[in-house]
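Heads up, the thing below is written out as structure tokens.
What you see below is based on every heavy atom in this structure, not just the backbone, and it leaves out hydrogens, waters and symmetry mates.
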Amino acid sequence: MGKHLSMAASIFFMAIVALAAIGEAAIVEHTFVVHEMNMTHLCNTTKVYVVNGQLPGPQLDVTDGDTVIVHLVNQLPHGVTIHWHGIRQLRSCWADGAGYVTECPVPPGGNRTYRFDVAGQVGTLWWHAHVTCLRASIHGAIVVRPKDGRYPFPTPARDVPIVIGEWWTLDLVELDRRNLDGNFEDDPLSATINGKLGDLSNCSGVPEESFVLGVERGKSYLLRFINTALFSEYFFKVAGHTFTVVGADANYLTPFRTDMVTIAPGETIDVLMVADAPPGHYHMTAVANQPPPPDLQIRALSSRGLVRYAGARADNNGLPVPAPRMPGQHDTMPSYYFRGNFTGLAFPGRHRVAAHVDERLFVTLGLGSICRGGKKDCKLRRSNETITVATMNNVSFHHQTAASLLERYYDGDGEGVYTEDFPDNPPRPYNYTDMDLIPVGPLEEVLEPTTKAIRLRRFKYNTSVEIVFQSTALLQSDPNPMHLHGYDFFVLAQGLGNFDPKKDPKKFNYYNPQLRNTVHVPRVGWVAIRFVTDNPGMWYLHCHFEFHIVMGMAMAFIVEDGPTPETSLPPPPAGFQRCGTNGFSKP
């Protein structure tokens, strides 16, 4: 590994944390060295992209109110950015780390410094690469603790990140290239828990290493779940144990009991688990959940770890280790019912839902087709003349690689790069959840034509925005975990089937809705969210299934400046590296 690190970077190989008191806050400083290393699993040695030699990468431990500084050193042969997923980035849009949206990637051999404040958030967030498919291995947890050290639930003995991911042997940059070309035949080989494949996978009969959680009977543990997977939502259980869900996306939830956690890519969920079973060994299992055929299928993915009680015999007293009974791979309803329990914890000072709505958007999520080579006319879905794309209101986001949208907006130089005409509704109404739209045929061909472009939506400062996301059955029936950068939003309701604008608003929860930055729009269902545009800048909105991002299920919001310097986007910070002519940030 040492050959990948320069002498200067080696000094910072382990994350350096500097704490400098500033009143009640502190500065938390790290160095991230991004590099290649070899890892061996399933009898094969694979080149992996990592940070500081770790998979998952280093955890950022901060307290609400802290300032975070991360020095990024890129020793990859590819450009890279780091996105701080869920951090509000109030007036620090320049540090959001969304490749070609808020910055151009740091070039090979380059570096940059991210600086941002953590304010008004407590719980679990995460960081990850935000170019190509690199986030499959370049990621880590962000743990935000309360200022006074007190939680609205019993203090756990300790907290433990549970990072669910996927093990890929295909080069992640090549995976991205194949997806861009409409090739979706590649799958990960296994799920992982904290980077371990688990004993359900083996090499020549020798089980892979499992993640082991050591516990003491009678104590409680705060499990901080993060789904870093590219393609799948996951079910998670521990045999003989239950959970109390207490938070999601660094916001408290009204506690509820469950024996299973369901988590989609991009989400974080915090649960308490009490070690109240007879001392022994108990399997934990993560299983991927995917829609049934005729949707595109990937292999059944799973990983298994172990809960081991202190004092338990190594042979588990000669008894078999119990394993939890998991839902079927294609059973999507447990996810829907699990999320139906989520409400926000009511407490003094909590944000309230805006009582009025200034702007309403109805956004359909599905697939479509465009002609190859920029042609205007081709035979849809009937030959290799087309590429399948993902869409929002029949617009597929064009991933340009020459400029930062934020820079162009700030400089007033967006002409020819983007337009500000993202549609508030799909081009025509139809039965969005008609399962006959999945196979190619006359029904879907009328709805399939798509625009490939960068079409943004501009909002004035302090606008109340309501969005209804509608998952469709157009060529597929996937759910869609939608993530909005720079904001938390209220999730007012979810439902199955087509959203009814007359009946369904009566179901909206205005009293204690959950606050999220990522919302899982159910398979052939809908979700309604609401937020106020109080953070000026350029903010990316996209599905967190990586193949949907690559295919174009994305767009961005422009939020204008408010009336004061404190409500306006500041200039780029000192040392910010603007885009060069080669599509990388300039040194």
Side-chain angles (χ1 to χ4, degrees), residues 12 14-33 51-52 54 56-73 81-98 102-103 111-128 130 139-153 155-156 158-161 163 222 224 226 246-252 268 270 345 347 349-351 485-488 515-518 534-535 537 539 566 569-570 572-576:
F12 299 105
M14 297 303 291
I16 299 171
V17 183
L19 298 178
I22 308 177
E24 296 182 359
I27 292 177
V28 180
E29 190 167 1
H30 287 253
T31 294
F32 281 10
V33 179
V51 171
N52 295 2
Q54 302 174 44
Q59 178 174 307
L60 297 184
D61 284 289
V62 301
T63 299
D64 180 19
D66 285 351
T67 295
V68 176
I69 300 174
V70 176
H71 307 288
L72 177 67
V73 180
T81 68
I82 301 294
H83 169 54
W84 316 97
H85 185 113
I87 296 291
R88 281 293 315 273
Q89 299 289 7
L90 291 167
R91 301 186 70 246
S92 56
C93 189
W94 301 101
D96 189 52
T102 60
E103 65 174 278
N111 61 80
R112 77 153 293 181
T113 295
Y114 293 94
R115 182 184 181 117
F116 54 87
D117 296 331
V118 180
Q121 297 177 284
V122 174
T124 307
L125 299 170
W126 62 302
W127 58 265
H128 60 83
H130 213 297
H139 59 249
I142 302 175
V143 174
V144 186
R145 306 186 191 281
K147 292 179 181 179
D148 59 5
R150 298 169 60 187
Y151 296 102
F153 47 79
T155 302
R158 64 188 175 99
D159 52 43
V160 182
V163 181
L222 181 58
R224 300 179 178 271
I226 305 169
V246 295
D249 291 356
N251 288 287
Y252 292 127
T268 68
D270 295 341
L345 182 66
F347 59 90
R350 185 179 190 272
H351 297 292
H485 291 218
Y487 282 87
D488 283 341
L515 264 174
R516 304 295 299 272
N517 63 64
T518 304
D534 59 358
N535 193 11
W539 301 110
E566 292 74 27
L569 176 69
F576 181 82

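Formation of a donor-acceptor pair under 3.5 Å by the D488 side chain with backbone atoms of L515 is not found in this model. Listed for the D148 side chain is a donor-acceptor partner under 3.5 Å among the backbone atoms of R150. When atom types are taken as modelled, the side chain of W94 and the backbone of P570 share a donor-acceptor pair closer than 3.5 angstrom. Using modelled atom types, one side-chain atom of Q121 and one backbone atom of G86 make a donor-acceptor pair closer than 3.5 Å. Listed for the T124 side chain is no donor-acceptor partner under 3.5 Å among the backbone atoms of T268. At distances below 3.5 Å, at least one donor-acceptor pair connects side-chain atoms of T81 with backbone N or O atoms of G97. Within the 3.5 Å criterion, the main-chain N or O of A26 finds a donor-acceptor partner in the side chain of D66.
A distance of 8.0 Å separates CG in N52 from OG1 in T31, rounded to the nearest 0.5 Å. Note that the CD atom of Q59 and the NE2 atom of H30 stand 9.0 Å from one another [nearest 0.5 Å].
In this structure the side chain of W84 reaches within 4.5 angstrom of the side chain of L60, judged on heavy atoms. Counting only heavy atoms from C-beta outward, the side chains of V28 and D61 never approach each other to under 4.5 Å.
Among all heavy-atom pairs drawn from I87 and D117, the shortest one is CG2-O, 4.0 Å. Residues V122 and R145 come closest through the heavy atom pair CG1-C, 4.2 Å. Closest approach of N535 to G486, counting heavy atoms only: ND2-O, 3.1 Å. The nearest pair of heavy atoms linking T63 to P146 is CG2-O, 3.8 Å. Across C93 and L569, no two heavy atoms sit closer than the pair CB-CD1, 3.9 Å. Minimum heavy-atom separation, D96 to H485: OD2-ND1, 2.6 Å.
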**OP:** Dump the intermediate steps for side chain to side chain contact (heavy atoms under 4.5 Å, CB included) on V62 and V68, then the final yes or no.
**Re:** CA-CA 8 Å; V62 301; V68 176; 3.7 Å; yes

Might you work through the side chain to side chain contact (heavy atoms under 4.5 Å, CB included) test for V118 and L125, ending with a clear yes or no? CA-CA 11 Å; V118 180; L125 299 170; 5.9 Å; no

Query - Candidate pair I27 and R115, rule side chain to side chain contact (heavy atoms under 4.5 Å, CB included), full reasoning - result: CA-CA 10 Å; I27 292 177; R115 182 184 181 117; 4.3 Å; yes

Would D270 and D159 satisfy side chain to side chain contact (heavy atoms under 4.5 Å, CB included), going step by step from the backbone distance to the final call? CA-CA 10 Å; D270 295 341; D159 52 43; over 6 Å; no

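H85 and T518 share a side-chain donor-acceptor pair at under 3.5 Å.
Contacts of A248 classified as side chain to side chain contact (heavy atoms under 4.5 Å, CB included), with partners at least two apart in sequence or in another chain: L253, I269, F342, R516. Listed by chain and number, the residues in a side chain to side chain donor-acceptor pair (under 3.5 Å) with Y487 amount to none (sequence neighbours excluded). Looking at residues two or more places apart in sequence or on another chain, you find no ring pair (Phe, Tyr, Trp, His ring centres under 6.0 Å) involving H139. Applying the ring pair (Phe, Tyr, Trp, His ring centres under 6.0 Å) criterion to Y151, with sequence neighbours excluded, gives F153. S92 meets the side chain to side chain contact (heavy atoms under 4.5 Å, CB included) test with Q89, F116; sequence neighbours excluded.
The stretch residues 81-91 participates, sequence neighbours left out, in these salt bridge (Lys or Arg N to Asp or Glu O under 4.0 Å) pairs: R88-D534.
Taking the six-membered ring where tryptophan is involved, the planes of W127 and F32 are tilted, since the angle between them lies from 30° to 60°.
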